[in-house]
Enquirer: 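A single structure is presented below for examination.
Protein chains get the first letters and strands the later ones, always in sequence-line order, with residue 1 at the start of each.
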Protein chains: 2
Amino acid sequence: MDTAAADLDEVEMLERAWHDVTPAPARRLLIAAVQAFGERGYHATTTRDIATRVGMSPAGVYVHYRSKEELLYRICLIGHRHSLVALRAAAARSGDPMTQLRDVIGEFAAWHALFHTPARVISYELNHLDPAHLTEITALRHEMDLVVRATLEHGVKAGVFDVPDIPGTGLALLSLTVDVARWYRTSGRRAPEDIGALYADLAVRMVQAR
Amino acid sequence: MDTAAADLDEVEMLERAWHDVTPAPARRLLIAAVQAFGERGYHATTTRDIATRVGMSPAGVYVHYRSKEELLYRICLIGHRHSLVALRAAAARSGDPMTQLRDVIGEFAAWHALFHTPARVISYELNHLDPAHLTEITALRHEMDLVVRATLEHGVKAGVFDVPDIPGTGLALLSLTVDVARWYRTSGRRAPEDIGALYADLAVRMVQAR
DNA sequence: GAACTAAGTAAGCGCTTGCTTAGGATGCCG
DNA sequence: CGGCATCCTAAGCAAGCGCTTACTTAGTTC
């Protein structure tokens, strides 16, 4: 798979996933910001860069967004909301603890690969948010923690998981999936669903008695 | 444990671990850069900030380093060398595959917690290096990959590990340890050695037959 | 057609940044 | 004591940054 084409795929996916960001130029700016922030980092990205990516003048950004920070805030908000929706949907799919764990970890890992650029932004650039925004986003991140932890508790209560340290294991599982965004490359040899399958398998091993 | 005191501990550890960076003002600048880059990110850190942290004028930085990028390069170099040394020492400690795996993963995870600020810099800011420097550092990172992979191969060959996908599992194990630098807080409830122990346990579970 | 709205531009502002230059201070050595 | 090396400073430069302002254009409504 050609990398430029894969990047185009990610843009297309974002256009679809973020179709409710309107008007269209505002959405295109937000997606351009994701690309730029993901590639260069928030502070190394200029508003001129973002504007140029969508064929606007630098002042065009301010027609739709109050500031550069607002772009980041919006990205973090929509990115976390979407990943939480994906996570919760995966958790709700099965009542069987082992299947549930496979679904939760497998799909979350795949999500981080599929949307690796926004995932990178929401995981590594969020510290550049204004304090109030950071607090809000941190709370959303904590929600993910709770979903994974509930999945482990479910398995322990059902007597099929052996997890001596639920918070620690939950943190490790979440950590595994989140870090996919750092190392994943569309030019790499593993497709998102393969990563998901591998991680689901490893998660199951982590909760079983030795 | 008080956070400011713990940060001071990290500075002291770095003063000791980096004692061969001379003269002393050069070392103090490098450590100040680690703190600043770790807290704010490379691009959001000014040379004035770094200089001020060690009580120098902004021009003082250039007495010892050619550029801001050279600070980052040096940090990445020394950080990776030290973590590689730690990793290899852990791998060499035992000939028993299971113990070796516990040592490698447990101590690497603990290292990322203990030195979480430089670890954060070398994992998340390296993309801001000049291209030639980035290539060099990327090769060092690849060395870590090889150590972990060799550990898995050792166990598989000895017939005590069940790892269908060695590269993938190696990547996941490395990913687990590297991501400690992102989430670890000295104010958190887990000490580095506790994290190491938890991760060693999870690693062992990941390589055993289900 | 006039008024308004939405979306955008060109120009520019005030400030910041990484870095350079010219010079200074201190300590050491012959 | 003079020369040199080391370590540093004050001042300033050129470029760039996020953002503002005054204006333009196109579309819509009455």
Enquirer: Side chains of Arg182(B) and Arg182(A), heavy atoms from C-beta outward: is any pair under 4.5 Å?
Expert: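 In short, these two side chains do not touch, never coming nearer than 4.5 Å.
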Enquirer: Are Thr169(B) and Leu198(A) side-chain neighbours, meaning at least one heavy-atom pair lies under 4.5 Å?
Expert: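 Yes, side chains in contact.
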Enquirer: State, with a plain yes or no, whether a side-chain heavy atom of His116(B) is found less than 4.5 Å away from one of Thr186(B).
Expert: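 A side-chain contact under 4.5 Å exists here.
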Enquirer: Round to a whole Å and report the spacing from CZ of Arg27(B) to C1' of dC7(D).
Expert: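 Rounded to whole Å, this separation is 15 Å.
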Enquirer: Does Ala191(B) have any side-chain contact (heavy atoms from CB on, under 4.5 Å) partners at least two apart in sequence or in another chain, and if so, which?
Expert: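 Only Glu193(B), Asp194(B) meet the side-chain contact (heavy atoms from CB on, under 4.5 Å) criterion with Ala191(B).
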Enquirer: I'd like to check His43(B) versus Arg40(A) (side-chain heavy atoms, cut-off strictly below 4.5 Å). Are they in contact?
Expert: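 Answer no - side chains too far apart.
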Enquirer: Heavy atom of residues 128-137 of chain B under 4.0 Å from DNA chain C: which residues?
Expert: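 Contacts with DNA chain C under 4.0 Å: none.
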Enquirer: For a 4.5 angstrom cut-off between non-hydrogen side-chain atoms, does Arg190(B) reach Tyr184(B)?
Expert: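 Not in contact.
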Enquirer: Scan nucleotides 25-29 of chain D against the protein and return all N/O pairs shorter than 3.5 Å with their distances rounded to 0.1 Å.
Expert:
none

Enquirer: Can you list, pair by pair, the side-chain donor-acceptor contacts under 3.5 Å of residues 27-35 of chain A, counting residues two or more places apart and other chains?
Expert:
unit_1	atom_1	unit_2	atom_2	d
Arg27(A)	NE	Glu15(A)	OE1	2.7
Arg27(A)	NH1	His19(A)	O	3.4
Arg27(A)	NH1	Val21(A)	O	3.0
Arg27(A)	NH2	Glu15(A)	OE1	3.4
Arg28(A)	NH2	Val54(A)	O	3.1

Enquirer: Applying side-chain contact (heavy atoms from CB on, under 4.5 Å), name anything that partners Ser123(B), two or more places apart in sequence or on another chain.
Expert: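 side-chain contact (heavy atoms from CB on, under 4.5 Å) list for Ser123(B), sorted by chain: Arg141(B), Val178(B).
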Enquirer: Answer yes when Arg149(A) and Glu153(A) have at least one side-chain N-carboxylate O distance shorter than 4.0 Å, and no when they do not.
Expert: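 Looking at Arg149(A) and Glu153(A), the cut-off is not met.
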Enquirer: In degrees rounded to 10°, what angle is found between the helical axes fit to the five outermost pairs at each end of the helix from dG1(C)-dC30(D) to dG30(C)-dC1(D)?
Expert: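 The value is 10°.
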Enquirer: In whole angstroms, how far is the C1' atom of dC17(D) from the NE2 atom of His43(B)?
Expert: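 It is 13 Å, rounded to the nearest whole Å.
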Enquirer: Take atom CZ of Arg66(B) and atom P of dT20(C), then tell me their distance rounded to the nearest Å.
Expert: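 Distance check: Arg66(B) CZ to dT20(C) P gives 11 Å.
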Enquirer: Please enumerate all residues that pass side-chain hydrogen bond (donor to acceptor under 3.5 Å, both in side chains) together with Thr99(A), with sequence neighbours excluded.
Expert: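 Scan of Thr99(A) (side-chain hydrogen bond (donor to acceptor under 3.5 Å, both in side chains), adjacent residues dropped) gives Asp96(A).
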Enquirer: May I have all residue pairs that pass side chain to side chain donor-acceptor pair (under 3.5 Å) and include part of residues 56-65 of chain B, sequence neighbours excluded?
Expert: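 Passing the test, one end in residues 56-65 of chain B: no pairs.
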Enquirer: Could you pull out the protein-nucleic contacts involving nucleotides 6-10 of chain C (nitrogen or oxygen on both sides, under 3.5 Å)?
Expert:
unit_1	atom_1	unit_2	atom_2	d
dG8(C)	OP2	His64(A)	NE2	2.4
dT9(C)	OP1	Ser57(A)	N	3.3
dT9(C)	OP2	Ser57(A)	N	2.8
dT9(C)	OP2	Ser57(A)	OG	2.8

Enquirer: Quick test of your reading of the model: are Glu39(A) and Arg53(A) salt-bridged, counting only N-O distances below 4.0 Å?
Expert: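 A salt bridge is present here (some side-chain N lies under 4.0 Å from a carboxylate O).
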Enquirer: Can you spot which of His80(A), Arg74(A), His82(A) makes a side-chain contact (heavy atoms from CB on, under 4.5 Å) with Ile78(A)?
Expert: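 Answer after filtering His80(A), Arg74(A), His82(A): His82(A).
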Enquirer: Once you round it to whole Å, what is the distance between C1' of dC19(D) and CG of Asp49(A)?
Expert: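 Those two atoms, CG and C1', are 16 Å apart.
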Enquirer: Closest-nucleotide mapping onto DNA chain C: is Ser67(B) or Arg48(A) further toward the 5' terminus? I mean the 5' end.
Expert: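 Checking each residue's closest nucleotide, the 5'-ward one belongs to Arg48(A).
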Enquirer: What residues from residues 70-77 of chain B pass a heavy-atom cutoff of under 4.0 Å to DNA chain D?
Expert: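 Within residues 70-77 of chain B, no residue comes under 4.0 Å of DNA chain D.
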Enquirer: Please report, rounded to the nearest Å, how far the P atom of dG23(C) is from the OH atom of Tyr62(B).
Expert: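 The distance from OH of Tyr62(B) to P of dG23(C) comes to 22 Å, rounded to the nearest Å.
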Enquirer: So, taking the atom named CD1 in Ile105(A) and the one named CG in Asp201(A), what distance separates them when rounded to the nearest 0.5 Å?
Expert: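 That separation rounds to 12.5 Å.
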Enquirer: Checking His154(B) now: which residues fulfil side-chain hydrogen bond (donor to acceptor under 3.5 Å, both in side chains) with it, not counting sequence neighbours?
Expert: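 Only Gln100(B) meet the side-chain hydrogen bond (donor to acceptor under 3.5 Å, both in side chains) criterion with His154(B).
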Enquirer: Expressed as a whole number of angstroms, how long is the span from Lys68(A):NZ to dT20(D):P?
Expert: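 That distance rounds to 14 Å.
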Enquirer: If the condition is side-chain hydrogen bond (donor to acceptor under 3.5 Å, both in side chains), which residues does Glu12(A) pass it with, not counting sequence neighbours?
Expert: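 side-chain hydrogen bond (donor to acceptor under 3.5 Å, both in side chains) check on Glu12(A) returns nothing, list empty.
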